[in-house]
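Report on the structure given below.
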Amino acid sequence: MGELGGGGPFVVREYVHFLGARPDPAVVASIGAAGELDGLTMPDDWYVSGGRELDLVVSYIPAVADLPGWLGFLDRVIERYAGITRYLQVTLEPNFPIPLIDGSSPGVMAALIDGLPHARRALDARGHGDVRVGFSVAEPAEWLGGDAEFWRRLGRPISGASSTTWGWGSIRTRSGRRCRSPGCGR
(Lines give C-alpha, C1' and ligand atoms only; values in the text may rest on other atoms or scores of the structure.)
Protein backbone atom coordinates (compact mmCIF):
# COMPACT_ATOMS: atom_id res chain seq x y z
CA MET A 1 0.00 0.00 0.00
CA GLY A 2 2.84 2.38 0.80
CA GLU A 3 4.09 2.24 -2.78
CA LEU A 4 0.64 3.08 -4.15
CA GLY A 5 0.68 6.40 -2.32
CA GLY A 6 3.88 7.45 -4.08
CA GLY A 7 5.30 8.77 -0.82
CA GLY A 8 2.30 10.99 -0.12
CA PRO A 9 -0.97 10.40 1.71
CA PHE A 10 -3.00 7.45 0.45
CA VAL A 11 -6.76 7.79 0.90
CA VAL A 12 -8.67 4.61 1.76
CA ARG A 13 -12.47 4.68 1.50
CA GLU A 14 -14.77 2.70 3.80
CA TYR A 15 -18.54 2.68 4.14
CA VAL A 16 -21.04 2.49 7.00
CA HIS A 17 -24.77 2.33 6.31
CA PHE A 18 -27.82 3.77 8.02
CA LEU A 19 -30.64 1.35 7.17
CA GLY A 20 -33.33 2.69 9.51
CA ALA A 21 -34.92 1.35 12.67
CA ARG A 22 -35.85 -2.10 11.35
CA PRO A 23 -33.62 -2.97 8.41
CA ASP A 24 -34.35 -5.93 6.20
CA PRO A 25 -31.86 -8.65 7.25
CA ALA A 26 -31.38 -9.63 3.60
CA VAL A 27 -30.31 -6.06 2.75
CA VAL A 28 -27.97 -5.94 5.75
CA ALA A 29 -26.34 -9.19 4.62
CA SER A 30 -26.19 -8.23 0.93
CA ILE A 31 -24.16 -5.06 1.60
CA GLY A 32 -22.19 -6.42 4.55
CA ALA A 33 -23.58 -3.83 6.95
CA ALA A 34 -23.70 -5.98 10.11
CA GLY A 35 -21.36 -4.77 12.83
CA GLU A 36 -20.11 -1.67 11.02
CA LEU A 37 -20.00 0.33 14.24
CA ASP A 38 -17.89 -2.39 15.84
CA GLY A 39 -15.11 -2.08 13.30
CA LEU A 40 -14.25 -1.52 9.67
CA THR A 41 -12.37 -3.86 7.33
CA MET A 42 -9.00 -3.29 9.01
CA PRO A 43 -8.02 -2.50 12.64
CA ASP A 44 -8.41 1.20 13.53
CA ASP A 45 -4.68 1.94 13.75
CA TRP A 46 -4.16 0.71 10.18
CA TYR A 47 -6.12 3.71 8.83
CA VAL A 48 -3.81 6.23 10.47
CA SER A 49 -0.43 4.60 9.79
CA GLY A 50 1.74 4.15 6.72
CA GLY A 51 0.57 7.44 5.19
CA ARG A 52 -3.05 6.30 4.98
CA GLU A 53 -6.06 8.60 5.48
CA LEU A 54 -9.62 7.35 5.98
CA ASP A 55 -12.41 8.68 3.77
CA LEU A 56 -15.51 7.42 5.60
CA VAL A 57 -18.78 7.40 3.69
CA VAL A 58 -21.93 7.37 5.83
CA SER A 59 -24.64 6.03 3.55
CA TYR A 60 -28.36 6.76 4.08
CA ILE A 61 -30.60 3.96 2.75
CA PRO A 62 -33.57 3.41 5.08
CA ALA A 63 -36.83 2.00 3.71
CA VAL A 64 -38.72 4.99 5.20
CA ALA A 65 -37.50 8.53 5.86
CA ASP A 66 -36.01 8.82 9.34
CA LEU A 67 -34.19 12.11 9.94
CA PRO A 68 -33.95 11.78 13.75
CA GLY A 69 -32.61 8.24 13.43
CA TRP A 70 -30.14 9.39 10.78
CA LEU A 71 -28.80 12.25 12.88
CA GLY A 72 -28.41 9.89 15.84
CA PHE A 73 -26.56 7.44 13.61
CA LEU A 74 -24.21 10.22 12.44
CA ASP A 75 -23.48 10.98 16.10
CA ARG A 76 -22.65 7.32 16.78
CA VAL A 77 -20.43 7.10 13.69
CA ILE A 78 -18.60 10.27 14.67
CA GLU A 79 -18.20 9.10 18.26
CA ARG A 80 -16.78 5.78 17.03
CA TYR A 81 -14.65 6.81 14.04
CA ALA A 82 -13.81 10.55 14.15
CA GLY A 83 -10.40 9.84 15.67
CA ILE A 84 -9.28 7.87 12.60
CA THR A 85 -11.21 9.78 9.91
CA ARG A 86 -9.72 12.45 7.64
CA TYR A 87 -12.75 12.89 5.34
CA LEU A 88 -16.40 12.27 6.21
CA GLN A 89 -18.92 11.92 3.38
CA VAL A 90 -22.51 12.53 4.49
CA THR A 91 -24.62 10.34 2.17
CA LEU A 92 -23.48 8.38 -0.86
CA GLU A 93 -24.42 9.80 -4.25
CA PRO A 94 -27.76 11.31 -3.17
CA ASN A 95 -28.40 12.37 -6.76
CA PHE A 96 -28.27 8.81 -8.11
CA PRO A 97 -31.68 7.07 -7.83
CA ILE A 98 -30.83 3.39 -8.13
CA PRO A 99 -31.52 0.66 -5.54
CA LEU A 100 -29.18 0.56 -2.54
CA ILE A 101 -27.72 3.96 -3.40
CA ASP A 102 -28.82 6.92 -1.31
CA GLY A 103 -30.51 8.80 -4.15
CA SER A 104 -33.29 6.19 -4.14
CA SER A 105 -34.03 6.58 -0.42
CA PRO A 106 -37.01 8.47 1.00
CA GLY A 107 -35.88 11.62 2.79
CA VAL A 108 -32.38 11.68 1.30
CA MET A 109 -32.44 15.43 0.62
CA ALA A 110 -33.29 16.25 4.24
CA ALA A 111 -30.65 13.73 5.35
CA LEU A 112 -28.05 15.52 3.24
CA ILE A 113 -29.07 19.10 4.00
CA ASP A 114 -29.45 18.57 7.75
CA GLY A 115 -26.72 15.95 8.00
CA LEU A 116 -23.86 18.11 6.72
CA PRO A 117 -24.06 20.86 9.37
CA HIS A 118 -25.00 18.31 12.04
CA ALA A 119 -21.85 16.31 11.30
CA ARG A 120 -19.70 19.45 11.30
CA ARG A 121 -21.06 20.55 14.68
CA ALA A 122 -20.64 17.05 16.15
CA LEU A 123 -17.05 16.81 14.94
CA ASP A 124 -16.17 20.28 16.22
CA ALA A 125 -17.79 19.57 19.61
CA ARG A 126 -15.60 16.47 19.97
CA GLY A 127 -12.40 18.27 19.01
CA HIS A 128 -12.17 16.93 15.45
CA GLY A 129 -12.23 20.19 13.52
CA ASP A 130 -9.58 18.84 11.14
CA VAL A 131 -11.97 16.25 9.66
CA ARG A 132 -13.26 17.52 6.31
CA VAL A 133 -16.99 17.05 5.70
CA GLY A 134 -18.73 16.79 2.34
CA PHE A 135 -20.77 14.57 0.06
CA SER A 136 -20.30 12.81 -3.24
CA VAL A 137 -22.38 12.84 -6.38
CA ALA A 138 -22.47 10.52 -9.36
CA GLU A 139 -22.96 11.55 -12.94
CA PRO A 140 -26.19 9.66 -13.67
CA ALA A 141 -26.93 8.48 -17.13
CA GLU A 142 -29.49 10.44 -19.09
CA TRP A 143 -31.78 7.38 -19.12
CA LEU A 144 -32.10 7.96 -15.37
CA GLY A 145 -33.25 11.49 -16.10
CA GLY A 146 -30.00 13.25 -15.22
CA ASP A 147 -29.66 15.10 -11.93
CA ALA A 148 -30.87 18.63 -12.62
CA GLU A 149 -33.76 18.14 -10.19
CA PHE A 150 -31.33 17.12 -7.44
CA TRP A 151 -29.39 20.38 -7.84
CA ARG A 152 -32.61 22.42 -7.91
CA ARG A 153 -33.83 20.73 -4.72
CA LEU A 154 -30.48 21.16 -3.02
CA GLY A 155 -30.79 24.90 -3.52
CA ARG A 156 -34.21 25.03 -1.79
CA PRO A 157 -35.34 24.23 1.75
CA ILE A 158 -36.81 20.73 2.02
CA SER A 159 -40.14 20.21 3.71
CA GLY A 160 -39.42 18.72 7.11
CA ALA A 161 -35.73 19.69 7.11
CA SER A 162 -34.60 22.22 9.68
CA SER A 163 -32.17 23.99 7.34
CA THR A 164 -33.53 27.08 5.67
CA THR A 165 -30.54 28.24 3.65
CA TRP A 166 -27.75 26.58 1.78
CA GLY A 167 -24.37 28.18 1.19
CA TRP A 168 -22.66 27.07 -2.00
CA GLY A 169 -19.00 26.29 -1.96
CA SER A 170 -16.84 24.97 -4.69
CA ILE A 171 -17.75 21.50 -5.94
CA ARG A 172 -15.41 19.42 -8.08
CA THR A 173 -17.23 16.99 -10.32
CA ARG A 174 -15.92 13.52 -11.16
CA SER A 175 -14.90 14.83 -14.57
CA GLY A 176 -12.67 17.38 -12.81
CA ARG A 177 -14.70 20.48 -13.57
CA ARG A 178 -14.96 23.01 -10.74
CA CYS A 179 -18.31 24.64 -10.26
CA ARG A 180 -19.73 27.13 -7.81
CA SER A 181 -23.44 26.92 -8.44
CA PRO A 182 -26.17 24.29 -8.46
CA GLY A 183 -26.62 22.45 -11.72
CA CYS A 184 -23.03 22.59 -12.89
CA GLY A 185 -22.33 19.09 -11.56
CA ARG A 186 -24.24 17.57 -14.48
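- Two different hydrophobic clusters hold Val64 and Leu71 under the rule that ILVMFWY side chains link at heavy-atom gaps under 4.5 Å.
- Of all heavy-atom pairs spanning Leu67 and Ala111, the tightest one is CD1-CA, 4.0 Å.
- Residues Val131 and Ile78 are not in side-chain contact: their nearest non-hydrogen atoms beyond the backbone lie 4.5 Å or more apart.
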Output, in order, the C-alpha distance, side-chain angles, deciding distance and verdict of side chain to side chain contact (heavy atoms under 4.5 Å, CB included) for Leu54 and Val48.
-> CA-CA 7 Å; Leu54 177 60; Val48 294; over 6 Å; no

Return a table of donor-acceptor pairs under 3.5 angstrom between the side chains of residues 28-35 and protein atoms on other chains or two or more places apart.
| residue | atom | partner | partner atom | Å |
| --- | --- | --- | --- | --- |
| Ser30 | OG | Ala26 | O | 3.4 |
| Ser30 | OG | Val27 | O | 2.9 |

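- When each of Ile84, Thr85, Asp55, Leu56 is checked for a side-chain contact (heavy atoms from CB on, under 4.5 Å) with Tyr47, only Ile84 meets the rule.
- Listed by chain and residue number, Arg126 satisfy the side-chain contact (heavy atoms from CB on, under 4.5 Å) test with Glu79 (two or more places apart in sequence, or in another chain).
- Every residue two or more places apart in sequence or in another chain was checked for a side-chain hydrogen bond (donor to acceptor under 3.5 Å, both in side chains) with Tyr15, and none qualifies.
- Between the CG atom in Leu19 and the CG atom in Asp24 there is a gap of 9.0 Å [rounded to 0.5 Å].
- Applying the side-chain hydrogen bond (donor to acceptor under 3.5 Å, both in side chains) rule to Glu36 yields the partners His17; only residues at least two apart in sequence or on another chain are considered.
- Here the side chains of Asp102 and Phe96 are not in contact, with every heavy-atom distance at 4.5 Å or above.
- Legend: residues meeting side-chain hydrogen bond (donor to acceptor under 3.5 Å, both in side chains) with Thr41, ordered by chain and number and at least two apart, are Glu14.
- Of all heavy-atom pairs between Asp124 and Gly129, the closest is OD1-CA, 3.4 Å.
- Judged by distance alone, the side chain of Asn95 and the main-chain N or O of Ala138 form a donor-acceptor pair under 3.5 Å.
- Counting only residues at least two apart or on different chains, the side chain to side chain donor-acceptor pair (under 3.5 Å) pairs with a member in residues 62-77 are Asp75-His118.
- Remark: side-chain polar atoms of Arg52 are paired, donor with acceptor, to backbone N or O of Trp46 under 3.5 angstrom.
- Scanning all heavy atoms of the two residues, the minimum distance from Pro106 to Pro62 falls at CD-O, 3.6 Å.
- Side chain of Tyr60 to main chain of Gly20: no donor-acceptor pair is present (N/O by atom type, distance under 3.5 Å, no hydrogens or angles).
- Side-chain contact check for Arg86 versus Val11: every heavy-atom pair is 4.5 Å or farther apart.
- With contacts defined as side-chain heavy-atom distances shorter than 4.5 Å, the pair Val16/Phe73 qualifies.
- Cluster membership for Phe18 and Ile61, using ILVMFWY side-chain heavy atoms within less than 4.5 angstrom, is not shared.
- Closest non-hydrogen pair, Val90 versus Ala119, comes out as CG2-CB, 4.0 Å.
- Residue Arg80 comes nearest to Gly39 through the heavy atom pair NH2-CA, 3.8 Å, listed as atom of the first residue, atom of the second, then distance.
- Taking CG from Asp114 and CE from Met109, the interatomic distance works out to 11.0 Å, rounded to the nearest 0.5 Å.
- Under the 4.5 Å side-chain contact rule for hydrophobic residues, Met42 and Leu40 share a cluster.
- Minimum heavy-atom separation, Ala82 to His128: CB-CD2, 3.4 Å.
- Note: the hydrophobic cluster containing Val12 does not contain Tyr87 (ILVMFWY, side chain heavy atoms under 4.5 Å, direct or indirect links).
- The hydrophobic clustering, which links ILVMFWY residues whose side-chain heavy atoms are closer than 4.5 Å, places Leu88 and Phe10 together.
- In this structure, Arg120 CZ and Arg132 CZ are separated by 9.5 Å, a value rounded to the nearest 0.5 Å.
- The line from CD of Gln89 to OG1 of Thr91 is 8.0 Å long, rounded to the nearest 0.5 Å.
- With contacts defined as side-chain heavy-atom distances shorter than 4.5 Å, the pair Phe135/Leu154 qualifies.
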